[in-house]
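Working notes, beginning with the structure itself.
Below, chain A is the first sequence line, B the second, and so on; all start at residue 1.
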Protein chains: 2
Amino acid sequence: MAITIKDVAKKAGVSPSTVSRVIAEHPRISAKTSRRVKEVMDELGYHPNMMAKSLVSRTSRTIGVILPRPAEELLLNFFFYEFMRGVMAQLTRAGYDLLMAGGNNEREELETVTRLVRGGRIDGLLLLYSRASDPVISLLRKEDVPFLLVGRSLDYDDVPSVDNDNVQAAYDATKHLISQGQRRIGFVSGPAHLAMTQDRLAGYTKALTEAGLPFKQGWVVEGEFLLESGYRAMASIMNQPEPPTALVVIDDFVAFGVLKGLTELGYRIPEDVAIVSFNNIALSELTMPPITSVDIGTYQLGYTASQMLISTIQQDPVQQRQLIPHRLVVRESSLRTFSPV
Amino acid sequence: MAITIKDVAKKAGVSPSTVSRVIAEHPRISAKTSRRVKEVMDELGYHPNMMAKSLVSRTSRTIGVILPRPAEELLLNFFFYEFMRGVMAQLTRAGYDLLMAGGNNEREELETVTRLVRGGRIDGLLLLYSRASDPVISLLRKEDVPFLLVGRSLDYDDVPSVDNDNVQAAYDATKHLISQGQRRIGFVSGPAHLAMTQDRLAGYTKALTEAGLPFKQGWVVEGEFLLESGYRAMASIMNQPEPPTALVVIDDFVAFGVLKGLTELGYRIPEDVAIVSFNNIALSELTMPPITSVDIGTYQLGYTASQMLISTIQQDPVQQRQLIPHRLVVRESSLRTFSPV
DNA sequence: GTGAAAGCGCTAACAG
DNA sequence: CTGTTAGCGCTTTCAC
């Protein structure tokens with residue numbers, strides 16, 4: 001039998017309510033009593049029963065995270081651990097725990113969320129994706145549950161979220177290529193239904209337009225976040241009368257495929273084709289040549305996401321949408337000067 | 001105010017206990033009542049309050065996972081998501097939730113575990129590392145909390161765990177090189193204090209010995225699970241009078257560095273130096289050449305780990321230690337025949 | 001400043 | 001087969 005508040009009370013010669021007040025740091029409690037009770041708690045190794053506490057307080061000091069299904073985003077593979085470290089760092093600081101849940105399909109997912117929310121297991125929810133017309137978001141809004149989206153909702157623009165400025169990031173990446181003297185710049189894209197893809201494509205287009213460079217439909221290939229995606233894209237994109245001499249690639253993972261495809265086709269990087277990519281995963285600097293990539297601040301995304309969510313839960317004022325700064329990490333794959341033509 | 005068991009009871013014209021019995025699928029309840037109550041539950045959108053349930057049942061149907069600190073294992077970056085998917089799949093099936101916690105240092109970590117265990121928040125714990133003389137394990141044993149280790153404990157051999165047969169895996173990998181005609185085989189190692197490193201080194205040595213091949217101290221380099229580790233190792237290992245013509249590398253991540261180091265030194269892979277590695281992360285097939293790697297069944301590790309832990313919690317008989325099968329995925333980096341010498 | 005008592009939502013004897 | 005009753009461990013009025 002675990003030690004309860006009563007055991008502490010008895011040994012300290014006070015009432016259970018006093019012990020409770022000491023735990024809650026109630027102001028109207030004498031310093032002496034407080035000290036005495038704390039001593040006894042230590043002696044006995046007392047730890048409050050969270051279930052009882054939650055039952056009466058109607059909060060769990062726990063936030064939920066739905067583990068995305070693999071189909072959704074393969075890039076999570078390299079994103080998830082770092083992101084969760086950021087989340088955990090903030091949660092630990094704030095004294096919250098994290099409950100991870102999931103479902104094998106949309107229906108199960110919705111059921112899980114309902115169960116957790118209605119069952120009082122979580123005080124808020126962190127969402128790691130942004131599908132169009134997401135029933136989970138509708139549910140959370142209806143039930144008035146605090147939640148926060150990592151990314152951007154395509155349906156609502158008043159959804160609390162933390163994100164990168166993907167338009168600006170792609171703009172910067174493209175600008176970088178332009179500053180290297182590139183004029184024929186293509187774009188290897190991701191799934192078109194993702195906000196991230198749309199935003200990065202927009203930034204790319206914007207940079208081209210501003211610089212008065214041509215935008216060619218044939219220079220833009222849509223792909224998946226898959227191993228082969230970038231690889232395959234090369235056959236089609238480079239097999240044109242006037243192929244691009246530089247590529248903005250949606251993600252490092254895809255960029256590895258691009259690199260491989262180009263090499264096999266006999267192109268040299270960056271001499272024949274320069275490459276800029278996104279997400280800056282640990283391996284970007286290990287390829288040959290190392291890939292220039294936009295660091296999206298994965299840890300910071302997680303840290304800020306949980307911070308905002310907790311603020312929402314505690315009804316502190318928060319801005320609806322926060323942007324995490326990105327940073328272009330220039331490596332050889334994009335440098336004209338690296339090997340002058 | 002959420003719907004409680006009382007609301008359901010009133011509307012269904014029964015007592016709260018009857019509703020409770022219906023939820024628990026108690027055998028002595030009439031089919032009619034059961035149906036009626038379930039109808040009402042659906043109508044009202046009732047979901048049981050988990051806190052109240054846990055309080056009285058003294059179980060939380062939740063297992064804990066301690067998020068390892070980054071310093072511990074960088075290879076977790078590529079391991080974590082896949083592993084967690086396996087864990088979640090099994091937990092969802094079994095109707096358990098997952099609580100993730102962590103600490104910034106050993107003391108905090110121990111405190112967190114104590115808090116969760118004593119506070120009744122978790123029924124068992126999944127440990128993702130195996131430090132020598134781990135205070136967390138001592139605590140869990142003392143408190144008699146079900147737990148399961150992923151990997152192998154260096155201190156106790158009666159700790160419930162799920163692991164790969166790393167000796168056999170390294171043996172197989174080395175054997176493969178030998179079958180390719182390799183006779184001078186080196187080993188790029190990881191941190192020596194890890195059981196995984198020790199086991200793989202043992203398997204490597206065993207294969208050499210069995211084949212009557214020389215084991216040279218200079219052909220074995222210890223490293224970290226770091227980007228530069230494999231890269232740097234090449235300078236020292238290849239700079240010997242008789243350098244190895246094949247390498248067994250502790251991890252894919254390190255192997256990327258090895259690949260890069262060798263290429264820069266002017267060696268061709270696999271013609272001059274053949275490579276076999278471990279963990280088979282998604283990028284192993286994207287390098288040039290693609291790397292032969294031992295797949296360790298990451299998803300399966302997670303799935304089995306939670307399965308075993310749940311069995312332990314439910315006091316079903318479980319074997320203390322379970323091994324997940326590995327599988328050598330042969331790619332170009334190890335094939336002599338690929339480009340005959 | 002502290003204690004007594006009621007109750008959070010649920011389960012589990014004990015009756016009937 | 002079902003209802004009544006008594007808590008699980010904690011917080012929180014309401015007294016004093």
Side-chain angles (χ1 to χ4, degrees), chain A residues 1-38 40-41 44-62 95 114-123, chain B residues 1-38 40-41 44-62 95 114-123:
Chain A
M1 195 59 168
I3 292 112
T4 77
I5 215 170
K6 281 189 195 167
D7 302 321
V8 177
K10 193 179 294 176
K11 182 146 187 189
V14 295
S15 78
S17 12
T18 302
V19 178
S20 175
R21 290 193 182 99
V22 170
I23 295 168
E25 312 230 302
H26 193 105
R28 289 201 297 265
I29 208 91
S30 83
K32 204 175 97 198
T33 315
S34 173
R35 196 160 28 73
R36 171 95 191 92
V37 169
K38 279 178 180 163
V40 174
M41 293 197 310
L44 261 40
Y46 168 75
H47 281 263
N49 182 311
M50 295 314 289
M51 299 310 176
K53 191 167 188 159
S54 291
L55 180 56
V56 53
S57 71
R58 305 177 163 289
T59 63
S60 56
R61 280 199 97 80
T62 303
T114 312
R115 180 176 61 80
L116 295 178
V117 166
R118 306 283 287 268
R121 291 214 64 165
I122 59 175
D123 296 346
Chain B
M1 194 59 167
I3 292 114
T4 76
I5 213 169
K6 280 188 194 167
D7 303 321
V8 177
K10 192 180 293 175
K11 182 147 187 188
V14 296
S15 78
S17 18
T18 301
V19 177
S20 175
R21 289 191 184 101
V22 170
I23 296 168
E25 313 230 302
H26 193 105
R28 289 201 299 267
I29 209 91
S30 83
K32 203 175 95 198
T33 315
S34 173
R35 196 160 27 72
R36 171 95 190 90
V37 169
K38 278 179 182 165
V40 175
M41 293 199 309
L44 262 41
Y46 168 76
H47 281 263
N49 181 313
M50 296 314 290
M51 299 310 175
K53 193 167 187 160
S54 291
L55 179 57
V56 53
S57 72
R58 305 179 160 289
T59 64
S60 57
R61 281 199 96 79
T62 303
T114 311
R115 180 176 61 80
L116 295 178
V117 166
R118 306 284 287 269
R121 290 215 63 165
I122 58 175
D123 295 347

Between [X] (side chain) and [Y] (backbone), is there a donor-acceptor pair under 3.5 Å?
X        : Y       : answer
A:Asp123 : A:Arg61 : yes
B:Ser54  : B:Ala52 : no
B:Arg115 : A:His47 : no

Expected rows: protein N/O vs nucleotides 13-16 of chain C N/O, under 3.5 Å:
unit_1: C:dA13; atom_1: N6; unit_2: B:Arg21; atom_2: NH2; d: 2.9

- Item | CD1 on B:Ile29 to OG on B:Ser20, rounded to 0.5 Å | 9.0 Å
- Task: To the nearest 0.5 angstrom, please state how far the NZ atom of B:Lys6 sits from the CD1 atom of B:Ile3.
- Result: 15.0 Å
- A:Tyr46 vs A:Val40 side-chain heavy atoms within contact, under 4.5 Å: no
Quick one: [X] [atom1] to [N] [atom2], roughly how many Å, whole number?
X        : N      : atom1 : atom2 : result
B:Ile5   : C:dA12 : CD1   : C1'   : 12 Å
A:Lys6   : C:dG3  : NZ    : C1'   : 14 Å
B:Ile3   : C:dG9  : CD1   : C1'   : 13 Å
A:Arg118 : C:dG9  : CZ    : P     : 13 Å
B:Leu44  : C:dG9  : CG    : C1'   : 15 Å
A:Lys53  : D:dG9  : NZ    : C1'   : 11 Å
B:Ile23  : C:dA12 : CD1   : C1'   : 14 Å
B:Met51  : D:dG7  : CE    : P     : 24 Å

- Message: Regarding B:Val14, tell me which of base, sugar-phosphate or nothing describes its non-hydrogen contacts under 4.0 Å with the strands shown.
- Response: sugar-phosphate
- Query: Counting any heavy atom closer than 4.0 Å, what does A:Leu55 reach on the DNA or RNA strands: base, sugar-phosphate only, or nothing?
  - Reply: base
Can you tell which of [options] lies closest to the side chain of [X]?
X       : options              : result
B:Asn49 : D:dT11, D:dC1, C:dG9 : C:dG9
A:Thr33 : D:dT11, C:dG9, C:dT2 : C:dT2
B:Ser15 : D:dC10, D:dT2, D:dG3 : D:dG3

- Query: Given the rule in the side-chain hydrogen bond (donor to acceptor under 3.5 Å, both in side chains) test, do B:Thr18 and B:Ser15 qualify, once you have shown the distances and angles that lead to the verdict?
  - Reply: CA-CA 5 Å; B:Thr18 301; B:Ser15 78; 3.3 Å; yes
Establish, with yes or no, whether the OP1 or OP2 oxygen of [N] is under 4.0 angstrom from a side-chain nitrogen or oxygen of [X].
X       : N      : value
A:Ser54 : C:dC8  : no
A:Ser20 : D:dT11 : yes
B:Arg58 : C:dT11 : no
A:Thr18 : C:dG3  : yes

- Identify, with sequence neighbours excluded, every residue that meets side chain to side chain contact (heavy atoms under 4.5 Å, CB included) alongside A:Met50. A:Lys53, B:Arg121
- Which comes earlier along DNA chain D counting from the 5' end, the contact point of A:Val56 or that of B:His26, where each point is its nearest nucleotide? B:His26
- Query: When the nearest nucleotide of DNA chain D is assigned to B:Ser34 and to B:Ala52 on a heavy-atom basis, which residue is associated with the more 5' position?
  - Reply: B:Ser34
